Protein chains: 2
Amino acid sequence: MTDGNRPQATGLRALLNIDESPFPGMSVTFRVMRLGAVWRTRLERELKPTGMTVAGFRPMVYLMMMQEGTSQRELAAALDTDTSALVRVLDLLEAAGLVERRPDSVDRRANNLFITDAGRRKCRAFHEIGARVEAELTEGLSAGEIVELVARLEHVLANAARPPAADMPAGGEAA
Amino acid sequence: MTDGNRPQATGLRALLNIDESPFPGMSVTFRVMRLGAVWRTRLERELKPTGMTVAGFRPMVYLMMMQEGTSQRELAAALDTDTSALVRVLDLLEAAGLVERRPDSVDRRANNLFITDAGRRKCRAFHEIGARVEAELTEGLSAGEIVELVARLEHVLANAARPPAADMPAGGEAA
DNA sequence: TACAATTAATGGGCATGGCAATTATTTTGA
DNA sequence: TCAAAATAATTGCCATGCCCATTAATTGTA
């Protein structure tokens, strides 16, 4: 189906061997960023016919895994995302009748989040699609290799969670 | 420095073991997408003091690795991105005097792209920062593990480049 | 109790990137 | 040779997500 104005990457990408380029030490960087975007777009397209988006899908999945009545702040923390971004997604999910916000009886600032039955049903359908996409994209990797890959990604994610070294040298040697 | 409205992921992420959740087969999906965003944001923050953005950095690097006088279409293909997205980035880079568009003498629709000397100089500075970020994020992984990681990512990227199976069942079994 | 600091949720502004459509040019083919 | 199809670059529009500021409520403290 549609592929926008994206020209075929006819071997051009393969031609460029970043590792032996004048830019060593960035081989992971470009691939991680590109893969993040590519994977997302792919999933987005597959979800489209169901009316769901990736942005809405992730919170739903996490919600289903968390305790009922979680606060928005907690969900945002789990998603490692911004609370303000979450607000807008929840607006959509709530309007679609998939999620419910109920005021917290103790803390009147907070909301308790619940997935509706319709939400649970939809979520299972989305999950099938998501799992199929992952299977397609990881095709050719053995189960062991996938486990290993996940471990590496987790490692890097953990590194990223640490504070950035010491971001002091504002005008460092890099002009 | 700033971290917006993002609440601390106080072990919540770790608590959620996606692999043993009711959503098997999505362990790579969430990590890849999240890591893409996290890595990008991290690099974005480090580049900020230099006035460069990730969006502009990537095309510059690729341009330096490609033949002089590449067309925008070719660059977009190499970046695996949309030509329309590239147009706007090039506008900025050209305004900053880092890149130059010259009309193709043969095909009057096309432009030939060139990096200016200033562009090359800047690019080297950006590269130092990018390499440092990658070093920080991959800390704790051995050289061999990084090579392996790159190979896995490359494998998945190749899978993603293939057409999506057969996207026929529009209204499939997934309600 | 009053008052400052913190916190949950929200809204505004902005950059990025994807898709659709438009324009100008080139290529194809009847 | 002329019209139709394809193509390079561009613009418009929109979703996503980050950062900053605001509001309402809570907590801590003098």
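Nothing here was measured: the structure is a model prediction, and the numbers come from that model.
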Can you tell me how far [atom2] of [N] sits from [atom1] of [X], to the nearest Å?
X	N	atom1	atom2	value
A:Leu90	D:dT16	CG	P	13 Å
B:Asp82	D:dT11	CG	P	14 Å
A:Met33	D:dC18	CE	C1'	16 Å
A:Asp104	C:dA9	CG	P	9 Å
B:Leu86	C:dG18	CG	C1'	14 Å
A:Asn111	C:dT7	CG	P	18 Å
A:Leu43	C:dG18	CG	C1'	15 Å
A:Leu79	D:dG17	CG	C1'	12 Å

Legend entry - Lys/Arg N to Asp/Glu carboxylate O, A:Arg132 vs A:Glu136, below 4.0 Å: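 Result for this pair is yes, salt bridge flagged.
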Legend entry - Ionic contact status for A:Asp91 with A:Arg101, cut-off 4.0 Å: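 Between A:Asp91 and A:Arg101 there is a salt bridge, with a charged N closer than 4.0 Å to a carboxylate O.
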Legend entry - Pairwise distance CE(A:Met33) to OG1(B:Thr41) - rounded to 0.5 angstrom: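 Between A:Met33 CE and B:Thr41 OG1, I get 10.0 Å after rounding to 0.5 Å.
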Set of residues satisfying side-chain hydrogen bond (donor to acceptor under 3.5 Å, both in side chains) with respect to [X], sequence neighbours excluded:
X	answer
B:Thr83	none
B:Arg109	B:Asp107
A:Asn111	A:Gln72
B:Thr81	none

Inset, instruction - Just call it for A:Arg58: base, sugar-phosphate, or nothing, with non-hydrogen atoms closer than 4.0 Å on any strand. - result: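 Counting heavy atoms under 4.0 Å across all strands, no contact is made by A:Arg58.
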Got a sec, which residues hit salt bridge (charged side-chain N to carboxylate O under 4.0 Å, His left out) with [X], two or more places apart in sequence or on another chain?
X	value
A:Arg40	A:Glu44
A:Glu139	none
A:Arg58	none
B:Arg121	none

Legend entry - Distance test, side-chain N/O of A:Thr83 to OP1/OP2 of C:dT10, below 4.0 Å: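 For A:Thr83, the contact criterion (side-chain N or O under 4.0 Å from OP1 or OP2 of C:dT10) is not met.
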Listed pairs, N/O of protein and of nucleotides 12-15 of chain D, under 3.5 Å:
from, atom 1, to, atom 2, distance (Å)
D:dG12, N7, B:Arg88, NH1, 3.3
D:dG12, O6, B:Arg88, NH2, 2.6

Inset, instruction - Identify which nucleotide among C:dC19, C:dG17, C:dA9 has an atom closest to any side-chain atom of A:Thr41, counting heavy atoms from C-beta outward. - result: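 Side chain of A:Thr41 sits closest to C:dC19.
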Legend entry - Given D:dA8, D:dC19, D:dT10, the nucleotide with the shortest approach to the side chain of B:Arg6: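 The nucleotide sitting nearest to the side chain is D:dC19.
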Legend entry - Partner residues of A:Ile146 under the side chain to side chain contact (heavy atoms under 4.5 Å, CB included) criterion, sequence neighbours left out: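 Scan of A:Ile146 (side chain to side chain contact (heavy atoms under 4.5 Å, CB included), adjacent residues dropped) gives A:Thr138, A:Leu141, A:Val150, B:Val28.
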Inset, instruction - Would you jot down, in residue-number order, the residues of residues 92-101 of chain A having a non-hydrogen atom under 4.0 Å from DNA chain D? - result: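 The stretch gives none, as no residue of it lies under 4.0 Å from the strand.
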Can you name the atoms? Protein N/O to nucleotides 22-29 of chain D N/O, anything below 3.5 Å, with the distance.
from, atom 1, to, atom 2, distance (Å)
D:dT26, OP1, A:Arg108, N, 3.3

Inset, instruction - Tell me which of A:Lys48 and A:Asn112 sits closer to the 5' end of DNA chain C, going by the nucleotide each one is nearest to. - result: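 Going by which nucleotide is closer to the 5' end, it is A:Asn112.
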